[in-house]
Amino acid sequence: MEGYDHKSIEQKWKKVWKETELYKTSDEVAGKENEYVLVEFPYPSGDLHVGHWYAFAITDIYARYQRLKGKNVLFPVGFDAFGLPAENAAIKRGLNPREWTFQNIEVMRHQLDSMGASFDWSREIVSCSPEYYKWTQWLFIKLFEAGLVEKKISLVNWDPIDKTVLANEQVLADGTAERSGALVEKKEMEQWSIKITKYADRLIDDLDALEWPNQIKEAQKNWIGRSSGAEIDFKIDDSDVAVKVFTTRPDTLFGVTYVVLAPEHKLVEELISKVSNKSAVEEYIEVTKRKLERERLIGVSEKTGVVLEGVFAINPATNEKVPVFIADYVLANYGTGAVMAVPAHDERDFEFAEKFGLPIKKVVIPRFVDNKNPHVEGKEVVFRKGVLVIVRNPKTEKYLCLEWPNQGWTTFISGGLEENESVEEAAIREVYEETGYKNLKFIKMVSGPVQVEFFAAHKNLNRISNSWCVLCELENEEQDEVSVDEKNLHTPIWLDKSEINREKMMHSELDYVLDLWKSGEKEYAGEGILINSGEFDGLQSEEAKEKIVQKVGGEMKSTYRLRDWTVSRQRYWGCPIPMINCASCGSVPEAEENLPVILPEISDYLPRDDGKSPLAKATDWMHTKCPKCGGDAERETDTLDTFVDSSWYYLRYLDSNNSENFSDIEKIKKWMPVNFYSGGSEHTTMHVLFARFFNKALFDLKLSPVSEPFSYRLNRGLILGPDGNKMSKSKGNVINPDIEVEKLGADTVRTYLAFIGPYNEPGSYPWDPNGIVGARRFLERIFKISDKIVEKTPESVEKVLHKAIKKVEEDMQRLKFNTAISELMILTNEIFKSGISTEDAKIVAKLISPIAPHLAEEMWQKLGGVESIHKENWPVFDPEMLVSDTITVPVQINGKVRAQVVLPSEMPENEVRELVLADETVQKWIAGSEVKKIIYIPNKLVSIVV
RNA sequence: GCCGAGGUGGCGGAAUUGGUAGACGCGCACGACUCAAAAUCGUGUUCCGUAAGGGGUGAGGGUUCGAUUCCCUCUCUCGGCACCA
């Protein structure tokens with residue numbers, strides 16, 4: 001028979017599929033469930049790279065599988081066609097951005113077509129077409145009417161290269177622009193902004209119900225960055241103003257020793273008249289202003305700041321006056337722009353306090369529950385103040401410990417404080433009582449109190465002990481006899497520092513104490529038990545938080561890292577913001593009947609340094625009438641961030657040709673939410689978050705029937721160059737899929753990419769030029785199955801076939817296309833050994849059809865199929881075929897596989913034991929030893945212990 | 001620093017509930033076919049060892065008849081967040 005000619009096969013079937021409109025999807029098919037399979041629509045850069053293939057062709061496998069499983073599958077495609085590259089090409093090469101874009105789209109349509117993907121092209125959308133952006137504008141106005149859009153002067157991210165404002169999401173951690181790489185500047189500009197922060201809580205909380213990969217959910221949570229705490233007012237002494245601070249640790253309020261304002265804080269202006277060091281304060285503000293945002297972010301270096309001399313804030317818990325500083329470690333745009341500083345319990349405050357010599361007041365002590373000696377229920381609970389003594393012998397450099405033979409512990413010496421006794425006195429007394437050493441010198445406190453909860457076995461009671469840790473030195477080794485009681489309990493031993501072993505130490509707090517002993521005392525940022533906090537002493541942090549907030553009249557509140565979404569872009573190639581500025585009416589949306597506000601043709605696309613869009617040059621277009629009062633007015637000349645276009649496109653696919661509405665609610669109801677959404681991980685905190693927000697807002701406006709748009713989201717992996725690096729022209733490691741398709745065929749590229757690794761994990765896989773040859777070889781073997789046709793499928797092949805039906809089905813469902821293909825390879829190898837019947841070969845064609853649709857269709861037709869294979873149903877496996885009469889079971893002896901025995905399946909356990917023990921190899925291994933135990937896991941293995 | 005995902009042959013990866021670790025593919029080696037090569041087909045391929053046997057899933061410990069899988073400690077890689085109060 002002739003060889004596998006991918007070119008003619010693929011051309012032939014693509015044509016047939018197109019002519020028969022095989023993939024045109026109805027909104028409803030009787031008896032079929034709808035399944036919406038979506039891939040992020042591509043930007044028409046004009047070049048379909050391997051990444052697009054990985055996105056679309058592999059998702060197509062899933063779409064085709066779902067179709068075979070009897071679902072009515074929608075798999076649409078379109079173009080996210082507004083954006084900077086078009087405009088930059090226009091500027092650089094004198095092209096019209098529209099023409100440039102549509103030319104690219106034309107090229108990409110052909111490339112996308114070459115995949116043989118089951119797109120319903122009749123629903124194609126192009127976001128830069130007026131038919132589409134009319135509805136982007138309409139939805140923008142709906143959000144405006146709902147109070148979710150506002151124009152405000154804000155400090156924005158200005159990209160000096162692209163000369164436009166960027167959303168926070170478009171600025172990288174090092175302060176450079178994601179697109180241009182320019183160092184982003186902060187500018188105050190009047191911008192349109194969408195209030196995504198109003199939805200912050202729902203955007204976090206609704207994630208819980210979604211069955212998405214954890215990484216995506218966590219990344220979104222981190223990005224939104226909710227922290228729960230409280231806002232508390234600190235009155236300024238001798239005035240009627242107050243500083244509102246945000247804190248997550250109201251339980252440390254009694255430990256506040258100063259208050260810090262961000263240099264940009266509004267109150268600073270007001271307070272500056274009162275300070276006696278005005279010039280120093282003004283200078284500091286000037287200096288921090290000049291520091292770039294980036295330095296402030298990454299700098300992390302030395303704490304700087306200046307005190308407002310003569311200004312004091314009043315701690316509402318204690319009524320103490322504390323100094324007020326301004327310092328740039330406090331950020332103006334987070335929380336309230338002011339913090340209460342608790343140096344004892346916050347690392348940054350601690351650093352600052354050390355540098356400025358401010359007092360450090362400890363109000364929380366760590367609390368430990370000793371898991372090795374937990375409280376025993378029913379026993380008395382006794383509280384005490386205690387001491388933990390580390391005794392050093394300066395001559396030997398060894399440390400004194402006690403061995404408790406009955407419990408197997410080694411501990412430091414510890415005990416309770418007696419009435420009117422100081423910690424130091426108690427330490428020296430305890431050492432004397434327990435070891436007889438007479439001459440001890442107190443050296444220092446290793447730690448303040450630490451609370452530990454444990455059961456004191458020798459006293460038969462539960463203890464809660466606040467213990468101080470003390471370091472003492474032995475002045476000489478003079479020693480008295482100790483009491484018999486003490487002697488029976490424990491023996492003193494001297495250990496090297498390195499021998500003091502956490503494992504053997506009695507109480508859990510020792511980990512903490514040992515750390516302090518080594519590194520010295522610093523701030524304790526954890527939660528614990530309150531001390532020095534008046535009526536709240538002894539409470540745990542969690543409980544104290546609410547009570548303290550209540551007492552001082554504060555308010556429990558959350559703040560977010562998430563900022564509102566600035567959507568104005570000072571660029572040409574985008575969706576015009578459909579707003580009109582009227583001198584008398586203010587900002588007014590364009591009347592609905594006048595939509596779309598068409599993007600005018602202009603000749604000069606160059607962005608301007610003054611922060612205005614190139615559209616400001618289209619004066620005819622700009623001058624218009626106010627829709628409200630009819631007076632002269634001007635159009636908004638900024639365009640929308642392209643993320644607005646892509647925040648709703650999945651709804652437009654459902655009704656892409658509707659000229660009366662953005663999308664018909666009845667159609668949306670049929671398809672939403674999207675069942676499967678494949679995209680790039682770079683969009684986790686951008687597009688996916690914006691789209692979720694948008695859809696939620698539309699849900700609240702009753703324009704979308706669901707509050708979450710995507711019931712499953714997958715961040716797909718990355719295909720690297722053959723050298724293991726990210727593909728890039730400069731590295732010369734770019735694989736052009738068009739060339740691979742030409743050489744080996746679309747089916748081969750699909751198979752290879754599906755086989756390269758699991759699709760449901762965002763791994764990165766190098767393109768292996770040999771690997772794709774392997775995929776081609778496999779398809780050639782599939783093609784040659786027609787040479788292996790026999791009258792009746794041999795039983796050995798039949799069994800493998802049914803196993804494959806089951807396994808491929810499972811793997812497709814869980815997106816492990818790599819193992820599905822591996823199973824098909826095993827099946828193919830078996831067929832090559834023994835042959836297969838025509839009818840069963842047709843099943844094989846079905847199994848491969850989602851992966852290699854052209855080849856499968858060709859095979860199907862040659863085997864006598866009439867209709868398209870892609871209209872068939874997934875084969876059903878016969879469970880009978882999966883069980884066999886005999887099974888081979890491994891025999892483990894002492895955990896090692898030593899023999900294989902062949903058993904009839906369903907053999908009773910006692911017979912299995914007999915048979916196994918009689919086995920020759922088993923005999924050899926157990927000869928001379930006594931069989932202690934035999935474990936039989938039916939049909940799995942036998943384990944013998946001797 | 002916090003949060004998340006990971007670490008398995010020369011390589012990509014498999015092992016779905018604790019049950020024969022390394023499926024399948026690539027590469028490599030040998031063989032068949034060939035004057036020869038390519039293609040194809042076949043055999044082998046975790047490491048050490050001629051073998052018997054032993055070691056082995058980032059490291060160390062634990063639970064278990066049995067651990068890549070569960071628990072503890074540590075380590076490294078990748079991703080998100082980060083002077084975020």
Side-chain angles (χ1 to χ4, degrees), chain A residues 3 173 213-227 229 245-249 252 260 262 296-304 327-331 333-342 345-349 351-352 502-503 525 559-561 681-682 684-685 715 724 751-752 755-758 761-775 777-778 780-781 784 807 810-811 813-814 816 818-826 828-829 832 888-900 932-937 939-946:
Chain A
N214 213 2
Q215 310 162 37
I216 304 178
K217 294 207 249 184
E218 288 304 317
Q220 290 213 349
K221 281 186 195 169
N222 286 342
W223 182 262
I224 298 167
R226 175 166 63 191
S227 56
V245 302
F246 173 75
T247 179
T248 55
R249 293 296 304 275
T252 62
V260 193
R296 249 178 94 171
L297 277 173
I298 321 178
V300 195
S301 52
E302 279 278 285
K303 293 275 176 295
T304 61
D328 67 358
Y329 80 92
V330 173
L331 308 174
N333 58 3
Y334 185 79
T336 59
V339 303
M340 57 179 230
V342 188
H345 305 292
D346 181 275
E347 195 185 336
R348 295 148 304 176
D349 297 342
E351 271 177 42
F352 191 84
R502 283 160 204 252
E503 294 288 303
T559 49
Y560 306 87
R561 206 202 70 103
S681 50
E682 71 275 19
T684 305
T685 52
N715 279 359
T751 306
Y752 172 61
F755 189 59
I756 203 165
E761 291 168 27
S764 43
Y765 312 106
W767 178 280
D768 177 1
N770 285 317
I772 190 165
V773 173
R777 274 205 279 268
F778 166 60
E780 279 173 8
R781 278 162 77 85
K784 279 191 227 154
K807 171 83 169 148
E810 286 166 1
D811 287 348
Q813 200 60 56
R814 57 188 192 120
K816 296 258 190 183
N818 54 335
T819 49
I821 291 173
S822 128
E823 193 63 29
L824 291 171
M825 286 170 168
I826 294 169
T828 309
N829 291 345
F832 265 62
T888 306
V889 174
V891 181
Q892 288 188 349
I893 293 162
N894 286 343
K896 287 205 183 296
V897 178
R898 295 300 189 187
Q900 308 275 340
K932 287 186 190 138
K933 206 175 188 182
I934 301 180
I935 296 144
Y936 176 52
I937 311 293
N939 302 338
K940 288 271 185 182
L941 62 58
V942 180
S943 184
I944 302 173
V945 187
V946 296

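These values consider heavy atoms only, across backbone and side chains, with no hydrogens, waters or symmetry-generated copies. In what follows, every chain begins at residue 1, and chains take the letters A, B, ... in the order their sequences are listed.
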Trainee: Is the terminal nitrogen or CZ of A/K303 (NZ for Lys, CZ for Arg) located under 6.0 angstrom from the six-membered ring centre of A/Y329 and within 45° of that ring's axis?
Mentor: yes

Trainee: Do A/Q900 and B/U20 share a donor-acceptor pair, side chain to base, under 3.5 Å?
Mentor: yes

Trainee: Nearest to the side chain of A/Y329, which nucleotide is it out of B/A23, B/C81, B/C83?
Mentor: B/C83

Trainee: Suppose we define a pair by two distances each less than 3.5 Å, Watson-Crick or G-U wobble; what does B/G9 pair with here?
Mentor: none

Trainee: For A/G774, answer base if it contacts any base atom (sugar-phosphate contacts may also be present), sugar-phosphate if it contacts only those atoms, and nothing otherwise; contact means non-hydrogen atoms under 4.0 Å.
Mentor: sugar-phosphate

Trainee: Of the listed nucleotides (B/C83, B/U20, B/C3), which one gets closest to any side-chain atom of A/E218?
Mentor: B/C3

Trainee: Under a 3.5 Å limit for both distances, which nucleotide forms a Watson-Crick or G-U wobble pair with B/A39, could you say?
Mentor: none

Trainee: Please examine the side chains of A/K807 and A/K816, heavy atoms only from C-beta on, and report whether any two atoms are closer than 4.5 Å.
Mentor: no

Trainee: Measure the distance from CG on A/N333 to C1' on B/C84 and round it to the nearest whole Å.
Mentor: 9 Å

Trainee: Do side-chain atoms of A/D811 reach the backbone of A/N818 as a donor and acceptor pair under 3.5 angstrom?
Mentor: no

Trainee: Would you measure the distance from the P atom in B/C78 across to the matching atom in B/G31 and give it in whole Å?
Mentor: 44 Å

Trainee: Taking it one step at a time, do A/M340 and A/T252 satisfy side chain to side chain contact (heavy atoms under 4.5 Å, CB included)?
Mentor: CA-CA 9 Å; A/M340 57 179 230; A/T252 62; 3.7 Å; yes

Trainee: Select base, sugar-phosphate, or nothing to describe what A/N829 touches, counting heavy atoms under 4.0 Å on all strands.
Mentor: sugar-phosphate

Trainee: Taking any strand in view, what nucleotide pairs with B/G60 in a Watson-Crick or G-U wobble way, both distances under 3.5 Å?
Mentor: B/C72

Trainee: Which comes earlier along RNA chain B counting from the 5' end, the contact point of A/R814 or that of A/G337, where each point is its nearest nucleotide?
Mentor: A/R814

Trainee: Identify whether any heavy atom of A/R781 sits under 4.0 Å from a base atom; if not, whether one sits that close to sugar-phosphate; answer base, sugar-phosphate or nothing.
Mentor: sugar-phosphate

Trainee: I want to verify a distance call: between B/A15, B/A85, B/U20, whose nearest atom is closest to the A/V897 side chain?
Mentor: B/U20

Trainee: Specify the residue among A/G757 and A/E823 whose closest nucleotide of RNA chain B lies further upstream toward the 5′ end.
Mentor: A/G757

Trainee: Nearest to the A/M825 side chain among B/C83, B/C24, B/U16, which nucleotide is it?
Mentor: B/C24

Trainee: Hey, does the side-chain of A/K896 have a donor or acceptor N/O within less than 3.5 Å of a partner on the base of B/U20?
Mentor: no

Trainee: Counting side-chain heavy atoms from CB outward, which of B/C26, B/G19, B/A85 is closest to A/Q892?
Mentor: B/G19

Trainee: Base, sugar-phosphate, or nothing for A/F755, non-hydrogen atoms under 4.0 angstrom?
Mentor: base

Trainee: As a test of reading the structure: which of B/A85, B/A5, B/C65 is closest to the side chain of A/Y334, going by heavy atoms?
Mentor: B/A85

Trainee: So if I take every side-chain heavy atom of A/S943 and compare against B/C84, B/G25, B/C65, which nucleotide ends up nearest?
Mentor: B/C65

Trainee: Suppose you measure atom P in B/C70 against the same atom in B/U57; what distance do you get, rounded to whole Å?
Mentor: 15 Å

Trainee: Parallel, tilted or perpendicular: which describes the rings of A/F246 and A/Y334, with under 30° parallel and over 60° perpendicular?
Mentor: perpendicular

Trainee: Test for a donor-acceptor pair under 3.5 Å between the base of B/C83 and the side chain of A/K303, counting only N and O atoms.
Mentor: yes

Trainee: Would you say CD of A/Q900 has more than 12 non-hydrogen atoms from neighbouring residues, nucleotides or ligands within 6.0 angstrom?
Mentor: yes

Trainee: What contact category does A/E810 fall into here, base, sugar-phosphate, or nothing, at under 4.0 angstrom with non-hydrogen atoms?
Mentor: base

Trainee: Ignoring the backbone of A/V330, work out which of B/A85, B/G27, B/G80 is nearest its side chain.
Mentor: B/A85

Trainee: As a test of reading the structure: which of B/C26, B/U20, B/A23 is closest to the side chain of A/D768, going by heavy atoms?
Mentor: B/C26

Trainee: Checking side chain to side chain contact (heavy atoms under 4.5 Å, CB included) for the pair A/R781/A/N829: CA distance, chi angles, key distance, verdict?
Mentor: CA-CA 9 Å; A/R781 278 162 77 85; A/N829 291 345; 2.7 Å; yes

Trainee: Give A/Q215 one of three labels, base, sugar-phosphate or nothing, depending on what nucleic acid heavy atoms sit under 4.0 Å from its own.
Mentor: sugar-phosphate

Trainee: Between B/U16, B/C65, B/C84, which one does the side chain of A/L331 approach most closely?
Mentor: B/C84

Trainee: Name the nucleic acid region contacted by A/P758, choosing base, sugar-phosphate or nothing; use a 4.0 angstrom heavy-atom cut-off, strictly under.
Mentor: sugar-phosphate

Trainee: Please work out if A/K221 contacts a base, only the sugar-phosphate, or nothing of the nucleic acid, heavy-atom cut-off 4.0 Å.
Mentor: nothing

Trainee: Classify the nucleic acid contact of A/I756 as base, sugar-phosphate or nothing, counting any heavy atom under 4.0 Å across all strands shown.
Mentor: sugar-phosphate

Trainee: What does A/I826 touch in the nucleic acid at a heavy-atom separation under 4.0 angstrom: a base, only the sugar-phosphate, or nothing?
Mentor: sugar-phosphate

Trainee: Round to the nearest Å and state the distance from A/N818 atom CG to B/G22 atom P.
Mentor: 18 Å

